[in-house]
Amino acid sequence: MAIVLGPNRYGKAETRVVRVTRDGGTHRIKDLNVSVALSGAMDEAHLTGDNAAVLPTDTQKNTVFAFARKHGIGAIEDFGLLLARHFVGSRPAIAHARVEIREYGWRRITGGHSFVRDGGEVRTALVHCGADAESVVSGITDLVVLNSTGSEFHGFARDEYTTLEPTDDRILATAVTARWRHRSTTGAWDESYAGARDGLLRAFAETHSLSLQQTLYQMGRRVLDDRPETCEVRLSLPNKHHFLVDLEPFGMDNDNEVYLAADRPYGLIEGTVLTDDAPAAPAAFD
Ligand SMILES: O=c1[nH]c(=O)c2[nH]c(=O)[nH]c2[nH]1
């Protein structure tokens, strides 16, 4: 009985590319998850370890970023065809290219550079009732928002392990988890929720951010200002880092247009904002 190599393919899965296109102050964003799989005459790589036919998956990832810069991203079908044809045409050993793309939809909040991701958000409620106290905490989780400009981060503490470069223009993105405590257990809950959500979005969009911590405070403040029925807001904001891709090795500049959307590790910024007359409510958020 002989043992033979069966079907195989390889490639870079889940390259998270975000492409920002600027038309003056109005930005458009394309946010994709691109998976490439190539196949063809790859027997030697498997049987003898000869990599002559293997176009590295790292190269495939770079190609996604370089094409995003060079060609822009229109319909994902076109972007997929562009990439797949490129790979098949690039080397005789590559007979077939499979390119799978997922596109995350975003809609505008307000202004030209603030977006909220379609779908996914969840409304939450947590109530406590005891012998002599009741409390209602409303909230939202997985409300994903992004500012494609209007965010800086500099002046931070440095030590011998600090490599982060200060920036005066970065993408700021987070998946908001917010919970707000009501002063009373009677309320127009739906209207209150819609108003609080709107306040969170507007504060995120309208704050020129010097840090996510500063944005957090402004978001909490806005809910308390807009919704007097609330007295305390707790926010948990993962910093969804977007790293500018270095395209210089491919002879291209990158003027804040092509980003890698990293998923982990991420900064996690958490804080409470409250009114100074907020009644004590033990257990409200636990
Ligand atoms: O808004 C930010 N806050 C931080 O505390 C921090 N730390 C970091 O590396 N980047 C950022 N960004």
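The structure displayed is predicted, hence computed values, not measured ones.
Between the side chains of W106 and D31, at least one donor N or O sits under 3.5 Å from an acceptor N or O. No side-chain donor-acceptor contact under 3.5 Å links N62 and T59. Under 3.5 Å, the side chains of T275 and R183 contain a donor-acceptor pair of N or O atoms. Side-chain contact, S209 with T215: a donor N or O sits under 3.5 Å from an acceptor N or O. Side-chain polar atoms of E152 and H208 form a donor-acceptor pair below 3.5 angstrom. Using modelled atom types and a 3.5 Å distance limit, the side chains of S192 and E229 yield a donor-acceptor pair.
We find the CG-CZ distance between L210 and F153 to be 10.0 Å, quoted to the nearest 0.5 Å. Expressed to the nearest 0.5 Å, how far CG of L274 lies from CZ of R234 amounts to 8.5 Å. For the atom pair CG (L212) and CD (E270), the distance works out to 11.0 Å, reported to the nearest 0.5 Å.
Using a 4.5 Å cut-off between side-chain heavy atoms of Ile, Leu, Val, Met, Phe, Trp and Tyr, with links allowed through other members, M252 and F65 fall into the same hydrophobic cluster. Tracing side-chain contacts under 4.5 Å through hydrophobic residues (I, L, V, M, F, W, Y), one never reaches L237 starting from V144; they form parts of separate clusters. Note: the hydrophobic cluster containing V64 also contains I94 (ILVMFWY, side chain heavy atoms under 4.5 Å, direct or indirect links). Hydrophobic clustering, with ILVMFWY side chains joined whenever heavy atoms are under 4.5 angstrom apart, groups F79 together with L38. In this structure, L201 is not a member of the same hydrophobic cluster as Y104, with clusters built from ILVMFWY side-chain heavy atoms closer than 4.5 Å.
Contact of the R107 side chain with the F115 side chain is not registered, since no non-hydrogen atoms from C-beta on lie closer than 4.5 Å. By the 4.5 Å heavy-atom criterion applied to side chains, I171 and V20 are counted as neighbours. Taking 4.5 Å as the limit, every side-chain heavy atom of T124 sits out of range of all side-chain heavy atoms of I140. Using a 4.5 Å heavy-atom threshold, the side chains of R117 and L143 count as separate. Counting heavy atoms from C-beta on, the side chains of H242 and L146 come closer than 4.5 Å. Taking 4.5 Å as the limit, some side-chain heavy atom of H182 sits within range of a side-chain heavy atom of S138.
Between the N254 side chain and the V245 main chain, a donor and an acceptor come within less than 3.5 Å of each other. A donor-acceptor pair is defined here as one N or O able to donate and one able to accept, closer than 3.5 Å; no such pair exists between the side chain of R227 and the backbone of W180.
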Test salt bridge (Lys or Arg N to Asp or Glu O under 4.0 Å) applied to D23 and R28, step by step: CA-CA 8 Å; D23 181 4; R28 285 184 299 115; over 6 Å; no
Criterion side-chain contact (heavy atoms from CB on, under 4.5 Å) on F87 and T63, from CA distance to verdict: CA-CA 9 Å; F87 289 123; T63 309; 3.8 Å; yes
side-chain contact (heavy atoms from CB on, under 4.5 Å) between L83 and V34, intermediate numbers included: CA-CA 10 Å; L83 285 163; V34 181; 4.1 Å; yes
Verdict with reasoning, L32 to I73, per side-chain contact (heavy atoms from CB on, under 4.5 Å): CA-CA 9 Å; L32 309 185; I73 299 175; 3.8 Å; yes
Criterion side-chain contact (heavy atoms from CB on, under 4.5 Å) on F204 and L172, from CA distance to verdict: CA-CA 10 Å; F204 178 81; L172 184 67; 4.0 Å; yes
Check against salt bridge (Lys or Arg N to Asp or Glu O under 4.0 Å), R222 and E206: CA-CA 11 Å; R222 185 73 67 102; E206 291 165 7; 3.0 Å; yes
Candidate pair Y266 and H241, rule ring-ring contact (aromatic ring centres under 6.0 Å, His included), full reasoning: CA-CA 7 Å; Y266 52 88; H241 302 297; 8.0 Å; no
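Within the structure, every pair that satisfies the salt bridge (Lys or Arg N to Asp or Glu O under 4.0 Å) test and touches residues 42-62, not counting sequence neighbours, is listed here: D58-K61. Applying the side-chain hydrogen bond (donor to acceptor under 3.5 Å, both in side chains) definition to pairs two or more places apart or across chains, those involving residues 139-149 are H27-S148, S114-N147, T141-T177, T149-D169.
Ionic pairing of E165 and R170 is not present here: no N-O contact between side-chain nitrogen and carboxylate oxygen is shorter than 4.0 angstrom. Residues R102 and E14 are not paired through a salt bridge, judged by the lack of any N-O separation under 4.0 Å between the basic side chain and the carboxylate. Between R69 and D253 there is a salt bridge, since at least one side-chain N of the basic residue sits less than 4.0 Å from a carboxylate O of the acidic one.
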Which donor-acceptor pairs under 3.5 Å do the side chains of residues 125-135 make with protein atoms, sequence neighbours left out?
unit_1 : atom_1 : unit_2 : atom_2 : d
H128   : NE2    : A283   : O      : 2.6
H128   : NE2    : D286   : O      : 3.2

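Taking both residues in full, the closest heavy atoms of W189 and S184 are given as CH2-O, 3.7 Å, listed atom of the first, atom of the second, then distance. The two residues A93 and M42 come nearest to each other via the heavy atoms O-CE, 4.0 Å.
Checked against side-chain contact (heavy atoms from CB on, under 4.5 Å), D263 has no partners two or more places apart in sequence or in another chain. Residues that satisfy the ring-ring contact (aromatic ring centres under 6.0 Å, His included) test with H96, not counting sequence neighbours, are absent from this structure. When the side chain to side chain donor-acceptor pair (under 3.5 Å) test is applied to E121, the partners found at least two apart in sequence or on another chain are R197.
Remark: R123 qualifies as a cation-pi partner of Y193 under the 6.0 Å distance and 45° angle criteria applied to the six-membered ring.
The 12-atom threshold is not exceeded at CZ of R91, counting heavy atoms of other residues, nucleotides or ligands nearer than 6.0 Å. Counting non-hydrogen atoms of neighbouring residues, nucleotides and ligands closer than 6.0 angstrom, the CZ atom of R158 exceeds 12 such neighbours. Heavy atoms of other residues, nucleotides or ligands lying less than 6.0 angstrom from CZ of F285 number more than 12.
The residue from L235, T272, T174 that alone fulfils the side chain to side chain contact (heavy atoms under 4.5 Å, CB included) condition with L216 is L235.
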